[in-house]
Asker: 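Provided herewith is a single structure, encoded as structure tokens, for subsequent inquiry.
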Amino acid sequence: MAPPDLSAEEISRRLETMRFGRVLQIHDAVTSTNDLARQLAEAGAAEGTAVLAREQLAGRGREGRPWVSPRGGLWMSVVFRPVLPVADWPLLGFMLAVSACAAIDAATGLRTGVKWPNDLMLRSRKLGGVLVEATPAYAVGGVGINANVDPDAFDPAIQKTATSLQAIAERPVDLNRLAAAMLLTIEQNYPRLIADKTWILDEWRRRSVALGRQVQVVGATTVDGVVEGIDASGALLVRTADGLQILRVGDVSIRLIPPQGSRG
Ligand code: BTN
């Protein structure tokens with residue numbers, strides 16, 4: 001049976017929050033939910049205002065990349081007005097990533113992970129991502145999850161590296177339940193970030209799929225080494241042949257070490 005369509009009424013009925021998602025907009029098709037959330041924030045929207053869309057026509061990913069957002073996915077943006085030092089605002093992305101993982105796990109029984117900086121991972125493939133766009137007055141946190149997306153709908157460039165909940169669970173997930181669960185985990189984790197970022201960073205480390213693994217990080221330069229963790233600012237720490245590298249941008253790919261005795 002097809003799961004119920006994304007609906008403000010259904011999400012509100014399941015919502016256990018005081019603030020996050022109490023102002024909620026659901027759209028059929030938008031350019032990007034981040035665009036709408038930014039417009040609402042500019043017009044004075046309260047922290048916790050959430051915007052969801054069934055489809056995004058110009059979804060954005062990190063580093064200005066397009067984010068393919070067909071029907072079936074969970075495309076959501078939330079307005080924040082953080083009382084955090086500006087240097088800590090990037091940690092909003094880490095908070096959103098661990099919140100999304102906890103919500104997905106609760107709604108599906110699966111076990112998701114994170115890959116630096118904020119990729120949501122399932123069975124070694126990318127399931128979703130986080131995009132935080134900040135101004136001095138507010139930040140918009142966008143989360144995209146390939147929930148009920150048919151992997152055939154993925155861009156050919158990511159067919160081998162992306163996945164969806166439906167593909168792994170072999171049944172569609174209830175998007176309304178997942179959205180309500182995400183708003184709850186955000187409401188629980190955001191105050192933790194404000195009070196003391198340690199919990200969020202530790203939770204992120206617990207979910208990290210690359211910790212202790214041999215990786216290649218492609219950014220301004222290409223760095224090969226072993227991931228030692230993240231520092232208090234969220235930078236990635238990679239031990240290379242030349243010493244410890246502290247990386248602030250880049251894409252991480254985990255390298256498979258060939259079994260001993262194999263060639264090439
Ligand atoms: C990434 O991994 O590159 C980040 C992807 C973020 C996608 C979400 S979907 C909801 C929100 N609206 C957007 O246009 N982008 C974010």
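Every number for a ligand or one of its atoms is a count from 1 in the order of the listing.
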Asker: Counting both backbone and side chain atoms, is some N or O of W75 under 3.5 Å from an N or O of ligand 1?
Answerer: no
Asker: So, does R65 sit close enough to ligand 1 that a heavy atom of it is under 4.0 Å from the ligand?
Answerer: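 No heavy atom of R65 comes that close to ligand 1.
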Asker: For ligand 1, is S69 a contact, meaning one of its heavy atoms is under 4.0 Å away?
Answerer: no
Asker: Determine yes or no for a side-chain-to-main-chain donor-acceptor pair under 3.5 angstrom, with N189 supplying the side chain and M95 the backbone.
Answerer: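 Side chain of N189 to backbone of M95, a donor-acceptor pair under 3.5 Å: no, none is there.
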Asker: Around atom 8 (C) of ligand 1, find the nearest protein heavy atom and jot down its residue, atom name and distance.
Answerer: G144 N, 3.6 Å
Asker: Does the cation-pi check pass for R60 over W67, that is, NZ or CZ under 6.0 Å from the six-membered ring centre and within 45° of its axis?
Answerer: no
Asker: Which ligand 1 atoms, with their elements, are less than 4.0 angstrom from a heavy-atom of G61?
Answerer: 1 (C), 3 (O), 4 (C), 5 (C)
Asker: Please find the pair of heavy atoms, one from G59 and one from S32, that lie closest to each other, and give the distance.
Answerer: CA-CB, 4.4 Å
Asker: Which part of E63 is near ligand 1, with near meaning a heavy atom under 4.0 Å away: side chain, backbone, both or neither?
Answerer: neither
Asker: Considering only heavy atoms of R60, which atoms of ligand 1 have at least one such atom less than 4.0 Å away?
Answerer: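 Ligand 1 atoms under the 4.0 Å threshold to R60: 5 (C), 6 (C), 7 (C), 13 (C), 14 (O), 15 (N), 16 (C).
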Asker: Got the closest protein heavy atom to atom 10 (C) of ligand 1, with its distance?
Answerer: T33 OG1, 3.3 Å
Asker: When you compare the side chain of F154 with that of N146, does any pair of heavy atoms fall below 4.5 Å?
Answerer: yes
Asker: Do S233 and R248 pair up side chain to side chain, a donor and an acceptor below 3.5 Å, judged on atom types alone?
Answerer: yes
Asker: I'd like to check which ligand 1 atoms, numbered from 1 as shown, lie under 4.0 Å from a non-hydrogen atom of G59.
Answerer: 14 (O)
Asker: Just by distance, with hydrogens left out, do Y138 and E47 show a side-chain donor and acceptor under 3.5 Å apart?
Answerer: no
Asker: Counting non-hydrogen protein atoms only, what is the nearest one to atom 12 (N) of ligand 1? Give residue, atom name and distance.
Answerer: Q56 OE1, 2.9 Å
Asker: At a 4.0 Å threshold, what atoms of ligand 1 neighbour a non-hydrogen atom of M76?
Answerer: 10 (C)
Asker: Give the atom numbers and elements of ligand 1 that come within less than 4.0 Å of a heavy atom of S77.
Answerer: 11 (C)
Asker: Near V130, which atoms of ligand 1 are under 4.0 Å from a heavy atom of that residue?
Answerer: 4 (C)
Asker: Which residue and non-hydrogen atom of the protein lie closest to atom 2 (O) of ligand 1, and at what distance in Å?
Answerer: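 That would be K126 NZ, 2.6 Å.
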Asker: If you define the side chain from C-beta out and look only at heavy atoms, does anything of L91 sit under 4.5 Å from I200?
Answerer: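 Contact flag for L91/I200 side chains = no.
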Asker: Does D119 reach the side chain of V114, with side-chain heavy atoms less than 4.5 Å apart?
Answerer: no
Asker: Considering only the protein, which heavy-atom contact is closest to atom 3 (O) of ligand 1, and what is its distance?
Answerer: R62 N, 2.7 Å
Asker: Under 4.0 Å, heavy-atom basis, I'd like to know which part of V143 is in contact with ligand 1: side chain, backbone, both or neither.
Answerer: backbone
Asker: Indicate yes or no: at least one non-hydrogen side-chain atom of Y190 is less than 4.5 angstrom from one of R19.
Answerer: yes
Asker: Does N118 approach ligand 1 within less than 4.0 angstrom via side chain, backbone, both or neither, non-hydrogen atoms only?
Answerer: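 The answer is neither; N118 stays 4.0 Å or more away.
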Asker: What are the two closest heavy atoms between L244 and E228, and how far apart are they?
Answerer: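 Where L244 meets E228 most closely, the heavy atoms are CD1-OE1, 3.6 Å.
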Asker: Any side-chain heavy-atom pair from L211 and W116 closer than 4.5 angstrom?
Answerer: no
Asker: Taking only heavy atoms of S32, which atoms of ligand 1 are found under 4.0 Å from at least one of them?
Answerer: 12 (N), 13 (C), 14 (O)
